[in-house]
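Have a look at the structure below, then the notes.
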Amino acid sequence: MGDEVLVFAEHHGGKPARAAWEALAGGQRLARDIGAAVATVVAGEDVAALADELAGAELSEVVALTSPLLRDYTPDGYTAALFQVIEQRQPRFVVFSHTYQARDFAPRLAAREGRGLIGDCLGYRRDGDRLVFVRPVFQGKLCADTEFVGEPPYFVSFQAAAFREDSVQRGAAPARVTSVAASLTPETIRAQAGEPFREAKQAVDLTQARAIVAVGRGIKGPENLELAKKLAEALGAELGASRPICDSGWLPMDRQIGSSGQTVAPHLYVALGISGAIQHQVGMKGSRTIVAINKDKEAPIFEIATYGVVGDLFEIVPPLIEEIKKKKPA
Amino acid sequence: MKIAVCIKQVPARDAVLRLNAESTWVRETDVSFEINEPDIYALEEALRLREKRGGEVAVCTLGPERAAQALKEALAKGADRAWHLDDPAFQNLDAYATARVLAAAVARENPDLVLTGLQADDDGFAQTGVILAEMLGWPHATIIMEIQASEKALKVKRELEAGWFQWIEMPLPAVLTIQSGINKPRYATLKGILAAKNKPLQKLGFEGLGLAPEAVSLRQKISKIYAPPKSGKTEFLEGASKEIARKLVEKLKNEARVI
């Protein structure tokens, strides 16, 4: 029974994903806190170069898990292959970043082991002998201290930026790389994955905008978008939106900001009626100055705003447009 | 095609949330409830598949008595029948135990396809559909934005990060978790609401599902919920609307220097 923290290292295009380094940073800290070794596992058809890159981190071991059937990510392939590694090593913790890929297969992997996954964690803390994982509930309006019940292995995923990729401890010497051939048959993989693609070229590139006015549910209806457009015009800003606005078809998908849309970092970001769920925040929190106008003073957007206005955007925005027009040189 | 849709009733999005006495969940007596948003899209997708390919749509929820309202709404929108998994033993389950109870219910019906929303807006697990697939031994795909179904197989469009997608092909039966925005959900018509009154709504409990006691054992539990700690970095502007507008423009011009 190894006292080990095993970190899943996601990769794309032959490189460890940023999420892999963040998960490693989290796994290293967790291992230090519980006095365990930390190893990582990377899966694919040929992961030798990836494994060598990961071996630069301070780790007891890098497991290079390979099979021709792991060439493309599939939930069936990854679940079956990782299950073999976990069965053999019996780690105390298995750590993921809460990416789309981990969301796709980690719950299945944990369930195959008969165990639970505490997902989307912002972090954890020690409380005596207990480890308490903190995760958002109710769209980030509340936090939940969550604990594992029952026997290990315990599966946990941390959300983006819960740990910094540059906080990964580098090892004095490269970690040992162990190759493991996953035992898979073609029948294992039922859901077959096609090549990733993008929809027709994005018409609007919000990533280059110096200023963005973004609207959320608080705008209430498409008939009110005109107000946001006027504010954007006064500021010389592009118009963006949170996901629900694009889902409703009020604005086209290429104006969506957040984890499933564009990631932006303008000098000025004005959030109108956006509550600021984590999926939206990851797409805009790098903005230099953030103005949030929202009725709900508990809205998570106020956690990251530079300037906050708790109030009705329909009352605030019209005088705001007037003031901007007054102050701006013609 | 026989389709089961798993839906959840959650506090309304604009509900003001207050904690219960033990600070382990919100005080449910205070809030109004609605169908979890991604589940509404999952139901709509099921109804469209039925319209294209025939068959039936059964809708299923696990929840207390109040959750029957969610089933009635789904029946009014056009689902053919409903099962309500309600038992004192089903309270406060984690994703694993919820999936286990759902799996027992789904296995009785043996549908060709199970659809559910990609996550619930209250507990935010985003796991139940995936675990359900594992327990049924079926393939799955998550965060789906389009479904093309034939008699024995599916081709689905899965959303990836940052505007990327991929097509996934899989045999039936299967479980899909549906992303919001996949379609335009319909509203219930008056005719639908009236018709719903005569549609079967079956209640199933712990014993009816033939569950073993350990089926509802937990793998994780919430010890406390609370408002997120404030960073305190936000500067709040107060006053009448005009005054706020003046202050804000002043700050954007002179302090942040962005206009």
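Throughout, a chain's letter reflects where its sequence line sits, starting with A, and its residues are numbered from 1. Worth saying up front: this structure is predicted, and the values here are computed from it rather than measured.
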List the steps, then state whether salt bridge (Lys or Arg N to Asp or Glu O under 4.0 Å) holds for B:Glu134 with A:Arg108. CA-CA 6 Å; B:Glu134 172 65 15; A:Arg108 185 158 201 150; 2.7 Å; yes
Apply the test ring-ring contact (aromatic ring centres under 6.0 Å, His included) to residues B:Trp25 and A:Phe138: give CA-CA distance (whole Å), side-chain angles for both, the deciding distance (0.1 Å), then the verdict. CA-CA 10 Å; B:Trp25 200 239; A:Phe138 293 97; 4.9 Å; yes
Should B:Phe236 and A:Tyr307 be marked as a ring-ring contact (aromatic ring centres under 6.0 Å, His included) after you check the CA-CA gap, both sets of side-chain angles, and the distance that decides it? CA-CA 6 Å; B:Phe236 285 96; A:Tyr307 303 112; over 10 Å; no
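A:Ile316 and B:Ile244 make their closest contact through CD1-CD1, 4.0 Å (heavy atoms, listed as atom of the first residue, atom of the second, distance). The heavy-atom pair separating B:Pro229 from A:Glu303 by the smallest distance is O-OE1, 3.3 Å. Minimum heavy-atom separation, B:Ser223 to A:Glu147: OG-OE2, 3.0 Å.
Counting non-hydrogen atoms of other residues, nucleotides and ligands closer than 6.0 Å to NZ of B:Lys242 gives a total of 12 or fewer. Within a 6.0 Å sphere centred on CD of B:Glu22, heavy atoms belonging to other residues, nucleotides or ligands number more than 12.
Taking chain B as the reference chain and counting heavy-atom pairs below 4.5 Å, the highest number among A:Gly119, A:Pro300, A:Pro75 is found for A:Pro75. Here A:Ala305 is the residue among A:Ala305, A:Gly311, A:Ala211 with the most heavy-atom pairs under 4.5 Å with chain B. Between chain B and the options A:His98, A:Arg217, A:Arg210, A:Glu315, the largest number of non-hydrogen pairs under 4.5 Å is found for A:Arg217. When each of B:Ala141, B:Ala126, B:Ala133, B:Gly124 is checked for heavy-atom pairs under 4.5 Å with chain A, B:Ala133 comes out on top. Chain A forms the most heavy-atom pairs under 4.5 Å with one residue out of B:Asp121, B:Val10, B:Ile131, and that residue is B:Asp121. Most heavy-atom pairs under 4.5 Å with chain A: of the set B:Glu37, B:Lys233, B:Met135, this distinction falls to B:Glu37. When the candidates A:Gly116, A:Ala111, A:Cys143, A:Pro319 are compared by the number of heavy-atom contacts under 4.5 Å with chain B, A:Cys143 comes out ahead. Your options are A:Pro318, A:Pro136, A:Gly194, and the one with the most heavy-atom pairs under 4.5 Å with chain B is A:Gly194. Contacts with chain A were tallied for B:Ile222, B:Thr24, B:Leu132; B:Ile222 has the most, counting heavy-atom pairs under 4.5 Å.
Put simply, the side chain of A:Arg190 does not reach to within 4.5 Å of the side chain of B:Met170, judged on heavy atoms. Side-chain contact between B:Arg257 and A:His267: absent, with no pair of heavy atoms (C-beta onward) separated by less than 4.5 Å. Side-chain contact between A:Leu235 and B:Ile259: present, with at least one pair of heavy atoms (C-beta onward) separated by less than 4.5 Å. Inter-residue side-chain proximity for B:Lys251 and A:Thr289 is flagged as unmet; no heavy-atom pair is nearer than 4.5 Å. Looking at heavy atoms from C-beta onward, A:Gln139 lies in side-chain contact with B:Arg13 at the 4.5 angstrom threshold. Side-chain contact between A:Val149 and B:Lys221: present, with at least one pair of heavy atoms (C-beta onward) separated by less than 4.5 Å.
In this structure, NE2 in B:His140 is found 10.0 Å from CZ in A:Phe105, a value given to the nearest 0.5 Å. Here the CD atom belonging to B:Gln220 is positioned 10.5 Å from the CZ atom belonging to A:Phe133, to the nearest 0.5 angstrom. Remark: A:Ser275 OG to B:Asp14 CG distance equals 11.5 Å, nearest 0.5 Å. A distance of 6.0 Å separates CG in B:Leu19 from CG in A:Leu142, rounded to the nearest 0.5 Å. Rounded to the nearest 0.5 angstrom, B:Ser180 OG and A:Asp247 CG are separated by 5.5 Å. Put simply, NZ on A:Lys297 and OG1 on B:Thr234 are 14.0 Å apart, with the number rounded to the nearest 0.5 Å.
With a threshold of 4.5 angstrom between heavy atoms, A:Glu195 approaches chain B through N, CA, C or O but not through any side-chain atom. When heavy atoms are compared at a cutoff of 4.5 Å, A:Tyr73 approaches chain B solely by way of its side chain, counted from C-beta outward. Only the side chain of A:Val291 comes within less than 4.5 Å of a heavy atom of chain B; its backbone N, CA, C and O stay farther away. At a 4.5 Å heavy-atom cutoff, B:Pro185 makes no contact with chain A through either its backbone or its side chain. For A:Arg112, the parts lying under 4.5 angstrom from a heavy atom of chain B are both the backbone and the side chain. For A:Leu122, no part lies near chain B; criterion is any non-hydrogen pair under 4.5 Å. For A:Arg288, no part lies under 4.5 angstrom from a heavy atom of chain B. The contact between A:Arg243 and chain B is made entirely by side chain atoms (from C-beta outward), counting heavy-atom distances below 4.5 Å.
In this structure a side-chain-to-backbone donor-acceptor pair under 3.5 Å is present from A:Arg135 to B:Asp123.
Side-chain atoms of A:Asp104 and B:Thr142 form a donor-acceptor pair, as typed in the model, at a separation below 3.5 Å.
Among B:Met145, B:Glu159, B:Glu161, the one residue that satisfies the side-chain contact (heavy atoms from CB on, under 4.5 Å) test with A:Ser260 is B:Glu159.
The aromatic rings of A:Phe197 and B:Trp167 sit parallel, their planes meeting at an angle under 30°, below the 60° perpendicular limit.
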